[in-house]
Trainee: 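After the structure tokens below, expect a handful of questions from me.
Below, chains carry the letters A, B, ... as their sequence lines are ordered, and counting in each starts from 1.
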Protein chains: 2
Amino acid sequence: MAKGKLTDRQRRILDYIQDFSTDNGYPPSIRQIGASVGISSTSVVNYNLNRLVEEGFLDRDKNVSRGIRLTDKLLRATGNLGNVIRVPMVGRIFASEPVHLPSTDSPMFGADEAIEITRDMLSSTDEVFALEVKGDSMIDAMVSDGDIVVMKRDYHWRNGDMVAVWLRDLEETTLKYIYHEGDTIRLQPANPTMDPIIIEDPKHLEVQGKVMLVVRQLA
Amino acid sequence: MAKGKLTDRQRRILDYIQDFSTDNGYPPSIRQIGASVGISSTSVVNYNLNRLVEEGFLDRDKNVSRGIRLTDKLLRATGNLGNVIRVPMVGRIFASEPVHLPSTDSPMFGADEAIEITRDMLSSTDEVFALEVKGDSMIDAMVSDGDIVVMKRDYHWRNGDMVAVWLRDLEETTLKYIYHEGDTIRLQPANPTMDPIIIEDPKHLEVQGKVMLVVRQLA
DNA sequence: CTTGACATAGAACGTATGTTCCGCTAGAAT
DNA sequence: ATTCTAGCGGAACATACGTTCTATGTCAAG
């Protein structure tokens, strides 16, 4: 019952509700919906609205005029709500220590500090958190003191990703582009004038997260 | 008539409308407002609503249930609207040419391309535009190929601002921290390992804008 | 063919809701 | 004191709106 397909009419209804709401600041009435979609009968509109509720696109309140509300799910899909997401600021990052990862269980949203980012800046919004860069130790990654790096807790990576790695031997954290090359791993600085690090034994490094975004606020 | 002061009741009404709307996705009815604010008579609520319209805090639609809408003015004041601003992407920036500034008269919002930024990332939202960095010529500013710089068209600057300058002699654009030092101007690269440029004659440089934000999308 | 689920249409109904009118009070203006 | 206005309360009214019921047509399953 949950995953039925939407009819064309129902899609038009959703569109209309959304347009009307953003235009007027309140949702349309059943009769207005009918008029716009070309349904003469209020009961048919009512019927379709209830179907949309079952499908999870709408919420309705009984006996309330215009008691209709687009679901978060839908608003997110159309980008009209969750266009802004709050990314928790969970700490700092510097060369001399591994990245302090937020504990998995603790709700990341409990963090009192957070930065707001528009959704289209991030290709993924799961498991993301922000760190403030302290010191100039990341300049070879073209990241300076005070920058904010948004990371995703993700130990899988693909060639060309920029990752935060903890180098066990050197005992330092660094941000590098990472590449698999045969049996070795190449860590490439973002600064093209600098030389890569070649890691013979993957055991010597620990990928702590993928860098999704770097933000530098100047003025 | 425009600038009357709001009574306490009217303020509570505005608060309630806002809270109710965000909670329910649609505005409250007149009777709901009355109940929450402690007004037994619908006509009194109606009266106050009309006063709020006169003051410019509300819009109303006649004979429409819940036909009430908070003004942009109010939404902006409470920070519930414009949290996201669209910054027009007006071009690219590279060393070999001056910054291509958007023409002052043309509405910057006509730009079809734009990036969305949360308001709290920018200290100012006037006259801001975005440029994409092409090439590696800005690495001494810790800015890499593909980065997006958000600038403000502003020829006034203060010590420590990062600005885009066109160096007439060298015929190149560069991003530097700028400082007034007596009669000369010092342009300091963001990369602390690099040396500053000292400009003896201010005529030799042209400040084209202030860098407000640098964004780098990785994944 | 029959059945049943689904979608639609029209009409009637009940009520939630905005509108309007009349009356009252307190305070400022005349 | 009188007048005028802003603000409030109550009640009646008109209607915008959601709900419900009956009827019709379609189409795939039996």
Side-chain angles (χ1 to χ4, degrees), chain A residues 1-21 23-71, chain B residues 1-21 23-71:
Chain A
M1 180 182 303
K3 270 267 91 77
K5 193 102 184 345
L6 292 188
T7 74
D8 184 61
R9 248 186 185 177
Q10 287 161 3
R11 232 179 305 274
R12 302 230 308 282
I13 289 180
L14 284 180
D15 285 346
Y16 178 69
I17 293 176
Q18 186 164 323
D19 291 347
F20 186 98
S21 297
D23 284 351
N24 298 282
Y26 51 84
S29 72
I30 283 188
R31 281 172 180 81
Q32 286 174 317
I33 296 174
S36 90
V37 187
I39 300 178
S40 62
S41 171
T42 60
S43 68
V44 175
V45 177
N46 186 58
Y47 169 80
N48 282 289
L49 288 180
N50 286 332
R51 300 255 28 217
L52 288 169
V53 170
E54 289 173 20
E55 300 292 339
F57 291 101
L58 289 181
D59 285 339
R60 292 187 77 187
D61 295 331
K62 271 192 175 322
N63 296 320
V64 172
S65 66
R66 304 169 191 272
I68 212 176
R69 163 181 44 254
L70 294 177
T71 312
Chain B
M1 180 180 303
K3 269 266 92 75
K5 193 105 182 346
L6 292 189
T7 73
D8 184 62
R9 250 186 183 175
Q10 287 161 2
R11 233 181 304 274
R12 302 230 307 283
I13 289 179
L14 284 180
D15 285 346
Y16 178 69
I17 293 176
Q18 185 162 325
D19 291 347
F20 185 99
S21 297
D23 285 351
N24 298 282
Y26 50 84
S29 71
I30 282 188
R31 282 171 180 81
Q32 287 173 318
I33 295 174
S36 91
V37 187
I39 299 178
S40 63
S41 171
T42 59
S43 68
V44 174
V45 177
N46 186 58
Y47 169 77
N48 283 289
L49 288 180
N50 286 332
R51 300 255 28 219
L52 289 169
V53 170
E54 290 173 20
E55 299 293 338
F57 292 101
L58 289 181
D59 285 339
R60 292 188 77 188
D61 294 331
K62 272 193 174 321
N63 296 321
V64 172
S65 66
R66 302 168 193 273
I68 212 176
R69 164 181 45 252
L70 293 177
T71 313

Trainee: Do A/Asp15 and A/Arg11 sit within salt-bridge range, that is, some charged N less than 4.0 Å from a carboxylate O?
Mentor: no
Trainee: Rounded to whole Å, please give me the gap between CD in A/Gln32 and P in D/dA16.
Mentor: 11 Å
Trainee: Which part of the nucleic acid, if any, lies within contact of B/Asn46, taking any heavy atom under 4.0 Å across all strands shown: a base, the sugar-phosphate backbone alone, or nothing?
Mentor: base
Trainee: Do A/Arg51 and A/Thr7 have side-chain heavy atoms sitting under 4.5 Å apart?
Mentor: no
Trainee: What's the closest nucleotide to the A/Ile30 side chain, out of D/dG9, D/dT19, C/dA9?
Mentor: D/dT19
Trainee: Among D/dT19, D/dC17, D/dT20, which nucleotide has an atom closest to any side-chain atom of A/Ser43?
Mentor: D/dT20
Trainee: Would you tell me if any nitrogen or oxygen in the side chain of A/Arg9 comes within less than 4.0 Å of OP1 or OP2 on C/dT8?
Mentor: yes
Trainee: At less than 4.0 Å, is any side-chain N or O atom of A/Arg60 found next to OP1 or OP2 of D/dG18? Yes or no.
Mentor: no
Trainee: Please report, rounded to the nearest Å, how far the P atom of C/dA5 is from the CZ atom of A/Arg51.
Mentor: 14 Å
Trainee: Take the protein atom OH of B/Tyr26 and the nucleotide atom C1' of D/dG18, then report the distance between them rounded to whole Å.
Mentor: 12 Å
Trainee: Check whether any side-chain nitrogen or oxygen of A/Asn48 sits under 4.0 Å from OP1 or OP2 of C/dC6, and answer yes or no.
Mentor: no
Trainee: I need the CG-P distance between A/Leu49 and C/dC6, as an integer number of Å.
Mentor: 18 Å
Trainee: As a test of reading the structure: which of D/dC8, C/dA9, C/dT17 is closest to the side chain of A/Val44, going by heavy atoms?
Mentor: C/dA9
Trainee: Rounded to whole angstrom units, what separation is found between the OH atom of A/Tyr47 and the C1' atom of C/dA7?
Mentor: 5 Å
Trainee: Examine distances only and state if a side-chain atom of B/Arg9 and a backbone atom of B/Val37 form a donor-acceptor pair shorter than 3.5 Å.
Mentor: no
Trainee: For A/Asp59, is there any backbone N or O sitting under 3.5 Å from a side-chain donor or acceptor partner on A/Arg69?
Mentor: no
Trainee: What integer distance in Å separates B/Glu54:CD from D/dT5:C1'?
Mentor: 13 Å
Trainee: I want to verify a distance call: between C/dA7, D/dG9, D/dA16, whose nearest atom is closest to the A/Thr7 side chain?
Mentor: C/dA7
Trainee: Does a distance-only test, which skips hydrogens and angles, find a donor-acceptor pair under 3.5 Å between the side chain of B/Arg31 and the base of C/dG18?
Mentor: yes
Trainee: Any donor-acceptor pair under 3.5 Å between the side chain of B/Thr42 and the base of C/dG18?
Mentor: no
Trainee: Distance alone, cut at 3.5 Å: any donor-acceptor contact between the side chains of B/Arg60 and B/Asn46?
Mentor: yes
Trainee: Choosing from C/dA9, D/dC17, D/dG9, which nucleotide comes nearest the side chain of A/Ser41?
Mentor: C/dA9
Trainee: Please figure out whether B/Ser40 or B/Val64 has its closest DNA chain D nucleotide nearer the 5' end.
Mentor: B/Ser40
Trainee: Which nucleotide, C/dT8, D/dC17, D/dC8, lies nearest any side-chain atom of A/Ser65?
Mentor: D/dC17
Trainee: Keeping the roles fixed (side chain from A/Asn24, backbone from A/Phe20), state whether a donor-acceptor pair exists under 3.5 Å.
Mentor: yes
Trainee: From the set C/dA11, D/dG10, C/dT19, return the single nucleotide nearest to any side-chain atom of B/Lys62.
Mentor: C/dT19
Trainee: Please give, in whole Å, the distance from D/dG7 C1' to B/Gln10 CD?
Mentor: 10 Å
Trainee: Taking atom P of D/dC17 as reference, at what distance in whole Å does atom CG of B/Asn63 sit?
Mentor: 9 Å
